[in-house]
Amino acid sequence: RLQLVESGGGSVQAGGSLRLSCAASGYTSGSYCMGWFRQGPGKERERVAAIYTEGGTPYYGDSVKGRFTISRDIAKNTVSLQMKDLKPEDTDMYYCALRLATFSGSCVSDARGYSYWGQGTQVTVSS
């Protein structure tokens with residue numbers, strides 16, 4: 001059974017940085033997309049960034065372009081999200097997600113396209 005476990009959330013002041021990590025276990029082969037989504041109370045789950053395990057250009061939401069960087073370590077089955085220049089509006093619960101894929105374009109899917117989810121990690125940015 002595939003599991004995703006996030007780590008690295010926390011509280012930071014505006015302008016600061018945080019790094020989130022997600023470890024996937026129970027999945028041993030094939031290509032897939034791993035992404036980060038975020039969601040606040042009463043809001044839809046928003047795609048933050050996604051990356052294809054076979055390479056290609058990562059995808060970013062407009063609100064985080066230039067500030068967040070997603071990376072992967074295939075050997076360790078992990079994906080990380082380096083967040084810098086954080087803003088109060090980045091405050092949300094952040095979720096790691098995975099979907100099986102055969103081409104990188106699948107990674108731009110919204111939350112409905114992802115089948116596996118972590119439990120979430122809270123990011124709080126104070127002004």
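- A 6.0 Å sphere centred on CD of Gln13 holds no more than 12 heavy atoms belonging to other residues, nucleotides or ligands.
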Determine, step by step, whether Leu20 and Glu6 satisfy the side chain to side chain contact (heavy atoms under 4.5 Å, CB included) criterion, reporting the C-alpha distance in whole Å, the side-chain angles of both residues, the deciding distance to 0.1 Å, and the verdict. CA-CA 7 Å; Leu20 306 182; Glu6 302 102 334; over 6 Å; no

Please walk me through it: do Tyr114 and Ser109 pass side chain to side chain donor-acceptor pair (under 3.5 Å)? CA-CA 7 Å; Tyr114 283 74; Ser109 172; over 6 Å; no

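- In terms of heavy atoms, Ala101 sits closest to Ser31 at O-OG, 2.6 Å.
- Between atom CZ of residue Arg99 and atom CZ of residue Arg112 there is a gap of 11.5 Å, rounded to the nearest 0.5 Å.
- Lys84 contributes atom NZ, which lies 10.0 Å from atom CZ of Arg67 (distance to the nearest 0.5 angstrom).
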Working for side chain to side chain contact (heavy atoms under 4.5 Å, CB included), residues Thr69 and Tyr60: CA-CA 8 Å; Thr69 302; Tyr60 296 96; 3.8 Å; yes

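- A perpendicular orientation is assigned to the rings of Tyr95 and Trp117, their planes being inclined by more than 60° (bins at 30° and 60°).
- Cluster membership check: Leu86 shares its hydrophobic cluster with Trp36, using side-chain heavy-atom separations under 4.5 Å among Ile, Leu, Val, Met, Phe, Trp and Tyr.
- Taken to the nearest 0.5 Å, the OG1 atom of Thr53 stands 5.5 Å off from the CD1 atom of Ile74.
- Screening residues 51-127 for disulfide bond (SG atoms under 2.5 Å apart), with sequence neighbours left out, gives Cys22-Cys96, Cys33-Cys107.
- Closest heavy-atom contact between Met34 and Leu4: CE-CD2, 4.1 Å.
- Note that the OG atom of Ser80 and the CZ atom of Phe68 stand 13.5 Å from one another [nearest 0.5 Å].
- To the nearest 0.5 angstrom, Met93 atom CE is 7.5 Å from Thr121 atom OG1.
- Residue Val48 forms a side chain to side chain contact (heavy atoms under 4.5 Å, CB included) with just one option from Asp90, Asp92, Ile70, Val64, and that option is Val64.
- Through direct or relayed side-chain contacts under 4.5 Å between Ile, Leu, Val, Met, Phe, Trp and Tyr, Tyr59 connects to Val108.
- Pairing each heavy atom of Val125 with each of Thr91, the nearest pair is N-OG1, 2.8 Å.
- Taking Glu46 as the reference, Arg38 meet the salt bridge (charged side-chain N to carboxylate O under 4.0 Å, His left out) condition, with sequence neighbours excluded.
- Of all heavy-atom pairs spanning Pro58 and Ile51, the tightest one is CG-CD1, 4.2 Å.
- Heavy atoms only, all atoms of each residue included: Tyr32 and Tyr52 are closest at O-CD1, 3.5 Å.
- Closest heavy-atom contact between Ala49 and Leu81: CB-CD1, 4.0 Å.
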